[in-house]
Amino acid sequence: MQGETVNLSPMTPSADRVKRQAYYDRIAKHNLAPLWESLSTLVSEKPNTPAEPARWSYDQTVRAPLMEAGELITAEEAERRVLILENPGLPGTASITHSLYAGVQLVLPGEVAPAHRHTQNALRFVLEGKGAHTAVNGERTAMYPGDLVITPAWTWHDHGNETDTPMVWLDGLDIPMVSFFDASFAEKFDTAVQAETRPQGDSPARYGRNLAPVDWQPESPASPIFNYPYSETRETLATFATNDVPDPCHGHKLRYVNPADGGHVTPTMAAFMQLLPVGFKSTPYRSTDASVVSVVEGTGTAIIGNQTYTFAPRDILVVPSWTSVTWHAASETILFSFSDRAAQTKLNLWREDRAGQ
Ligand code: GTQ
């Protein structure tokens, strides 16, 4: 605050203003500031985020520059060849919402994104390509469009593409949250590619069938399932949509579950997948967890705050905290989304507003 001028209320009489300002200037030299000038902003009646609604059209604005990056730098040199999706209301912060980071990552045929680990949790949602892999603590998983892959905090992970087509996915990380806590640690593995110490399919067999090794104690709060394949999610959504009426706000919405405790997939980030039937028009909905949405199937319109966006497969949208969203599905639509709800619920901060529903 030192050297900054506090904005005095325009209602304050001018003699008092001058006196108070002199006082504020004096105490600022000692790193002191008057709470009463900023209390209602600091402790606001409702969320008041600088983040704005936004949409990135994959086909029109993301894919071409990403492929161009593929000609400028290798995945190995970049460590991670990613274009950051930055919220237009948070310039220069590498944040898509106040608490979350998102980017689109490209791994070309024959490339590796070298093994490293960090205290940030990460999730990947596959947009394009078939069969490239991520390895997590020595176990590989092959990635297909619509798969959700997590690389939890402090797990060694590398990505590789042994197929003959480019692989693109959406990265979601809790980077701004970890920065907020000043708790970032990261290190590189000795080799670019970690050795396979467990066969592919080990984790889903062990933890993904409503079974678990009898004496298993989870070592981390993140899910032991690190790939939630779209083939399974899609089938569950189809059954759900056949057997249930859609929720007015969400259509048919599922959350990804950690089988160890029924919680969210990572300790900070929650992930969701929803189906909107053809012609579905949702009622307005808002919640304190800002969402990053990736369109998997379908086309339609989203009204986010006072912005209206059309959407198509692979587009990415952001719904800021406490900003109303309404969906209109022109064709049957599948939406993946992630948010900081896992953290907010633990901190007892999460709220929603179903607009009178
Ligand atoms: O793949 O590990 O988009 O560490 C940003 C930071 C991806 C990753 C990102 C990362 C990664």
Side-chain angles (χ1 to χ4, degrees), residues 56 58 62-63 65-67 69-70 72-87 90 92-108 111-129 132-143 147-162 166-181 183-194 220 222-223 226-228 265-269 271 292 294 314 316 318 336-340:
W56 289 263
Y58 186 74
V62 175
R63 193 177 189 282
L66 185 61
M67 294 301 151
L72 286 176
I73 190 164
T74 64
E76 185 128 24
E77 192 193 346
E79 191 167 339
R80 295 294 182 265
R81 189 206 287 116
V82 178
L83 292 183
I84 300 170
L85 303 174
E86 195 169 70
N87 190 291
L90 303 168
T93 63
S95 302
I96 192 160
T97 72
H98 240 157
S99 63
L100 297 175
Y101 156 101
V104 278
Q105 179 159 179
L106 170 67
V107 184
L108 289 168
E111 287 191 323
V112 292
H116 69 190
R117 65 178 177 179
H118 38 71
T119 48
Q120 291 81 358
N121 289 279
L123 59 81
R124 338 273 171 189
F125 188 71
V126 180
L127 300 177
E128 188 181 324
H133 66 267
T134 287
V136 181
N137 283 347
E139 182 179 337
R140 283 186 178 191
T141 187
M143 303 163 84
D147 289 1
L148 171 65
V149 173
I150 62 166
T151 60
W154 215 240
T155 56
W156 293 110
H157 55 282
D158 54 80
H159 314 289
N161 185 354
E162 291 163 8
M167 195 76 196
V168 178
W169 58 79
L170 173 68
D171 280 322
L173 286 91
D174 52 12
I175 292 173
M177 230 185 289
V178 175
S179 302
F180 174 79
F181 288 113
S184 178
F185 291 91
E187 55 190 40
K188 291 178 192 190
F189 199 66
D190 293 341
T191 51
V193 180
Q194 51 181 316
S220 100
S223 175
F226 61 94
N227 190 347
Y228 292 75
V265 283
T266 77
T268 51
M269 293 182 290
V292 179
S294 175
R314 293 181 294 278
I316 296 146
V318 58
F336 168 80
S337 58
F338 68 95
S339 78
D340 64 9

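The structure displayed is predicted, hence computed values, not measured ones. Ligands are counted one by one from 1 in listed order, and the atoms in each one are counted from 1 as well.
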K.L.:
So, His133 versus His159, ring centres under 6.0 angstrom or not?
P.N.:
no
K.L.:
Write out the residue and atom name of the closest protein heavy atom to atom 11 (C) of ligand 1, then the distance separating them to 0.1 Å.
P.N.:
Arg80 CG, 3.6 Å
K.L.:
Quick check for you: to the nearest 0.5 Å, what is the distance between Tyr228 atom OH and Leu123 atom CG?
P.N.:
11.0 Å
K.L.:
Considering non-hydrogen atoms of the protein only, which is the closest contact for atom 4 (O) of ligand 1, and what is the distance?
P.N.:
His118 NE2, 3.0 Å
K.L.:
Between Phe189 and Asp158, is any pair of side-chain heavy atoms under 4.5 Å apart?
P.N.:
no
K.L.:
Can you report which non-hydrogen protein atom sits closest to atom 5 (C) of ligand 1, along with the distance?
P.N.:
Tyr101 OH, 3.5 Å
K.L.:
For ligand 1, which atoms have a heavy atom of Val82 less than 4.0 angstrom away?
P.N.:
3 (O)
K.L.:
Any side-chain heavy atom of Val178 within less than 4.5 Å of one from Ser184?
P.N.:
yes
K.L.:
Tell me which part of Gln120 gets within contact of ligand 1: side chain, backbone, both or neither, using heavy atoms under 4.0 Å.
P.N.:
neither
K.L.:
Does Leu173 approach ligand 1 within less than 4.0 angstrom via side chain, backbone, both or neither, non-hydrogen atoms only?
P.N.:
side chain
K.L.:
Which atoms of ligand 1 have any heavy atom of Gln105 under 4.0 Å away?
P.N.:
1 (O), 7 (C)
K.L.:
In Å, rounded to the nearest 0.5 Å, how long is the span from OH of Tyr101 to CD of Gln120?
P.N.:
10.5 Å
K.L.:
Could you tell me which non-hydrogen atom of Ala153 sits nearest to which non-hydrogen atom of Thr119, and how far apart they are?
P.N.:
CB-O, 3.3 Å
K.L.:
Using a strict cut-off of 4.0 Å, indicate which atoms of ligand 1 neighbour a heavy atom of Arg124.
P.N.:
1 (O), 2 (O), 7 (C), 8 (C), 11 (C)
K.L.:
Give the numbers and elements of all ligand 1 atoms closer than 4.0 Å to a heavy atom of Asp171.
P.N.:
3 (O), 7 (C), 9 (C)
K.L.:
Using a strict 4.0 Å cut-off to heavy atoms of His116, name the atoms of ligand 1 that fall inside it.
P.N.:
2 (O), 4 (O), 8 (C)
K.L.:
Heavy atoms only: give me the nearest Val292-Ile96 pair and the separation to one decimal.
P.N.:
CG2-CG2, 3.5 Å
